[in-house]
Amino acid sequence: MGDAYDVIVVGAGHAGCEAALAAARMGRKTLLLTQNLDTIAAMSCNPSIGGVAKGQLVREVDALGGEMAKNTDKAGLQFKTLNRSKGQAVHSPRAQCDKKLYQYSMKETVESQENLDARQDEAAALWISGSRVRGIVSKRGFRYEARAVVLTTGTFLNGLAHMGLDTFAAGRAGDPPADQLSGSLRELGFTVGRMKTGTPPRINSRTIDFSACELDPSDEPPIPFSHFTEQITNELLPCHITYTNQATHKVIRENLDRSPLYTNKIKSIGPRYCPSIEDKVVKFPDKERHQIFLEPEGYRTREVYVNGLSTSLPADAQLAFVRSVRGLEKAEIMRFGYAIEYDFCPPTQLHETLETKLVAGLYFAGQLNGTTGYEEAAAQGFIAGVNAALGVMKEAPLILARDQAYIGVLIDDLVTKGVDEPYRMFTSRAEYRMSLRSDNADLRLMELGRGLGLISEEMISRFRRYQGLVGGEGELPDEALSPWSMDKVRAQREVQTSYAGYVMRERQAAERLRSWEEVAIPDDLDFFAVPSLPAEARQKLTKIRPRTLGQAGRIPGITPADVQILHVSSKR
């Protein structure tokens, strides 16, 4: 038995890094346990951060004191604001990163953090005492003791990769799976399911005819991701755009009999909004072409990520359809695409804190909860790490409401509605998106981050000066207000003026609903004993165990009449 910790985080992907850093920065002795220290924060799929709604999540994590946005600014090689032609509410930052620079910058941050140990080992089982977690048992039988454990296992639980009709055990290509921890979860009574994701081939940039493709340059000047970054000084690189064609689609159709997706080798469900090229061709037969982004993976590598060609077809078919694309006629594939199936735990087994209902002190975050994307993972990891630390300190948890943050929408959707496919954040999921803009994440959340001890005194004083200027306190000075420029102050004033009416209506709607959010449902309420409540409602309420009437009303299948019945019972 080794040293005892306050918090153990299992898995060092994007969720794990945020969880471990948050807990350690809150003064808790923390252990980050990973199969391979060389793959901390590895960008297994596209080396990009942000995107529609995802960028909002990253800005919110940053405002609360997380690391992803800062690390993106260190490693970014192209910066874009998406949806510029639309309203400010749906503007979303995105950055293409140098994948190794991102990985090793985060590794340095993790290994330099006070109160945080990083260790290479594999978790094989949970160590439980009664109904509370006590730590982790490693594959080699070593026991790590802790008062709280955060699982962020990504695609590693019983991971199975597919390329054509060939399958091999893997957490991702090149890495072994974690093959024991799922069994431990099942033994404890957790429901475990299967999901699938995929990745495209990477090709050698020297074999691409970029002159035949459309140029997709970075924004100039680039807008930093983090509220704490003064300016981006990195060298900026362009991406390029090309398209599939009928020849591409013909190759894919002719090889569907060797596709694991269409021969039932893959039985789990993949992400609807990031489909494989096989799915695109089959489900949209009338579409003449599909857009492809050619995205560099770093400054010192020739690998190019072929965004839009995610596939699990065999290698020879991948080469054939890649070379049918304009500009890629002589392309050399450096890494072939593949699909991967993995175990996850349906997130209705969690409280809004991301603590499990079955085992006290045990938290889940990331793809383990059925989500997809680095950004969704980082947001969950941050909240899980914060709440693990707060739980150890016996302090009130951090729960963000739907009208406070996209993070609140994400977690409420997961624990209340569950998932039947990998969950991806969109602006359309947020009913208060006029208020939850990427440009005001700091104004919404930075004081909360300060309250957690995750924002420095220097930064909070600068923020409060900025906040006052935005609110019209005093004249704008001539000198720059580092790290927020005068241009940002003026722009924020303009946005607040133009959105004032929309924001007011959203606040009024939120206030009307808040009355239900503040009516607690007793923890020991027996839903099967509530008179007049339909049988289906009783079953769903018993499964989810909503904390408030507001949460109960968001459970699929629960009607306003059911909520009224609950209201009467709660009063009694």
Side-chain angles (χ1 to χ4, degrees), residues 14 17-18 21 39-52 54-63 65-84 91-112 202 204-206 208 210 213-241 293-307 373-375 378 438-439 441-442 459 462 480-488 491:
H14 305 282
C17 288
E18 294 291 356
L21 287 169
T39 57
I40 288 175
M43 305 186 91
S44 309
C45 199
N46 192 354
S48 71
I49 297 294
V52 176
K54 292 170 173 280
Q56 279 87 329
L57 286 172
V58 180
R59 283 268 171 89
E60 290 175 352
V61 170
D62 184 64
E67 195 66 27
M68 177 173 269
K70 299 185 188 73
N71 207 56
T72 298
D73 289 341
K74 294 177 187 176
L77 52 81
Q78 188 202 56
F79 292 80
K80 305 274 283 190
T81 298
L82 305 183
N83 285 338
R84 276 187 180 273
H91 287 189
S92 300
R94 182 188 187 274
Q96 192 72 18
C97 296
D98 181 310
K99 66 178 182 181
K100 287 299 180 183
L101 181 56
Y102 185 97
Q103 179 182 340
Y104 282 103
S105 294
M106 188 68 85
K107 178 178 169 70
E108 181 181 22
T109 299
V110 165
E111 293 178 352
S112 303
R202 277 69 157 178
N204 191 326
S205 64
R206 293 182 300 172
I208 299 173
F210 289 109
C213 305
E214 301 171 17
L215 186 68
D216 183 32
S218 177
D219 288 349
E220 284 279 11
I223 298 174
F225 241 103
S226 175
H227 301 92
F228 307 98
T229 302
E230 296 187 30
Q231 63 177 342
I232 300 297
T233 58
N234 310 352
E235 176 189 359
L236 300 177
L237 301 181
C239 295
H240 290 81
I241 299 172
F293 288 89
L294 302 176
E295 300 170 332
E297 293 213 328
Y299 294 113
R300 296 174 178 82
T301 179
R302 294 291 184 179
E303 287 187 75
V304 171
Y305 185 92
V306 191
N307 191 347
Y374 306 147
E375 303 83 3
S438 65
D439 64 86
D442 50 352
M459 293 313 302
R462 290 179 177 180
L481 178 68
S482 179
W484 296 277
S485 69
M486 287 301 96
D487 285 348
K488 184 181 177 186

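Here the structure is a predicted model, which is why all the values come from computation and not from measurement.
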ask   = Between S92 and N83, do the side chains contain an N or O donor and an N or O acceptor separated by less than 3.5 Å?
value = no

task = Without swapping roles, check the side chain of N234 against the backbone of G76 for a donor-acceptor pair under 3.5 Å.
result = yes

ask   = Under the side chain to side chain contact (heavy atoms under 4.5 Å, CB included) test, which residues partner P238, sequence neighbours left out?
value = L215, H240

inquiry  = Applying side chain to side chain contact (heavy atoms under 4.5 Å, CB included) to I223 and F79, what does each step give before you reach the verdict?
reply    = CA-CA 7 Å; I223 298 174; F79 292 80; over 6 Å; no

Side-chain touch C97/S48, heavy atoms, less than 4.5 angstrom = no

inquiry  = Can you list everything that forms a side chain to side chain contact (heavy atoms under 4.5 Å, CB included) with S105? Sequence neighbours excluded, please.
reply    = N71, K74, L101

inquiry  = Just to verify, what does F225 make a ring pair (Phe, Tyr, Trp, His ring centres under 6.0 Å) with, not counting sequence neighbours?
reply    = none

message = Could you work out, with salt bridge (Lys or Arg N to Asp or Glu O under 4.0 Å) as the rule, every residue matching E60, not counting sequence neighbours?
response = R444

Distance (rounded to the nearest 0.5 Å) between D439 CG and T81 OG1 = 10.5 Å

query = Would H227 and R462 satisfy side chain to side chain contact (heavy atoms under 4.5 Å, CB included), going step by step from the backbone distance to the final call?
reply = CA-CA 11 Å; H227 301 92; R462 290 179 177 180; over 6 Å; no

message = Looking at every non-hydrogen atom in both residues, tell me the closest pair between S218 and K80 and how far apart they are.
response = CA-CD, 4.2 Å

message = Evaluate V306 against L294 for side chain to side chain contact (heavy atoms under 4.5 Å, CB included), listing each step before the verdict.
response = CA-CA 5 Å; V306 191; L294 302 176; 4.1 Å; yes

request  = State whether the side chain of S226 and the backbone N or O of A69 hold a donor-acceptor pair below 3.5 Å, judged by distance alone.
outcome  = no

task = Can you sort out the partners of E111 under salt bridge (Lys or Arg N to Asp or Glu O under 4.0 Å), two or more places apart, ordered by chain and number?
result = K107

request  = For Q96, enumerate each residue passing the side chain to side chain donor-acceptor pair (under 3.5 Å) test, keeping only those at least two apart in sequence or located in another chain.
outcome  = N46, R94

task = Find the distance between CG (L57) and OG (S438) and round it off to the nearest 0.5 Å.
result = 11.0 Å

query = For K100, which residues count as a side chain to side chain contact (heavy atoms under 4.5 Å, CB included) partner, sequence neighbours excluded?
reply = D98, Q103, Y104

ask   = E67: what forms a side chain to side chain donor-acceptor pair (under 3.5 Å) with it, not counting sequence neighbours?
value = R25

request  = Might you point out which heavy atoms bring D442 and A63 nearest each other, and give the distance in Å?
outcome  = CA-CB, 3.8 Å

remark   = Rounded to the nearest 0.5 Å, the CD atom of E375 sits from the CD1 atom of I49 at a distance of 5.0 Å

message = Test of understanding: with side chain to side chain donor-acceptor pair (under 3.5 Å), list the residues that count as partners of N307, not counting sequence neighbours.
response = E295

Distance (rounded to the nearest 0.5 Å) between I40 CD1 and Y102 OH = 12.5 Å

inquiry  = To the closest 0.5 Å, what do you measure between CG (D219) and CZ (R84)?
reply    = 4.5 Å

query = With sequence neighbours excluded, what pairs up with T39 under the side chain to side chain donor-acceptor pair (under 3.5 Å) test?
reply = R172

ask   = So, for M106 and C17, which heavy atoms are closest and what is the spacing to 0.1 Å?
value = CG-SG, 3.8 Å

ask   = Checking Q78 side chain against D216 main chain: does a donor-acceptor pair fall under 3.5 Å?
value = yes

task = Could you pull out the closest heavy-atom pair between P222 and I232, with the gap in Å?
result = CG-CB, 3.6 Å

query = Does a side-chain heavy-atom distance below 4.5 Å link L82 with K54?
reply = no

ask   = Just how far is it from atom CD of Q56 to atom CZ of R59, taken to the nearest 0.5 Å?
value = 8.5 Å

ask   = Which residue pairs satisfy the side-chain hydrogen bond (donor to acceptor under 3.5 Å, both in side chains) criterion with at least one member in residues 297-306, sequence neighbours excluded?
value = K99-E297, R202-E297, E303-R335

task = Check for a donor-acceptor pair, side chain of Y374 on one end and backbone N or O of S44 on the other, with a separation under 3.5 Å.
result = yes

Pairing residues for E214 by the side chain to side chain contact (heavy atoms under 4.5 Å, CB included) criterion, not counting sequence neighbours = I241, Y243

query = Can you list the steps and then say if K70 with T109 is a side chain to side chain contact (heavy atoms under 4.5 Å, CB included)?
reply = CA-CA 11 Å; K70 299 185 188 73; T109 299; over 6 Å; no

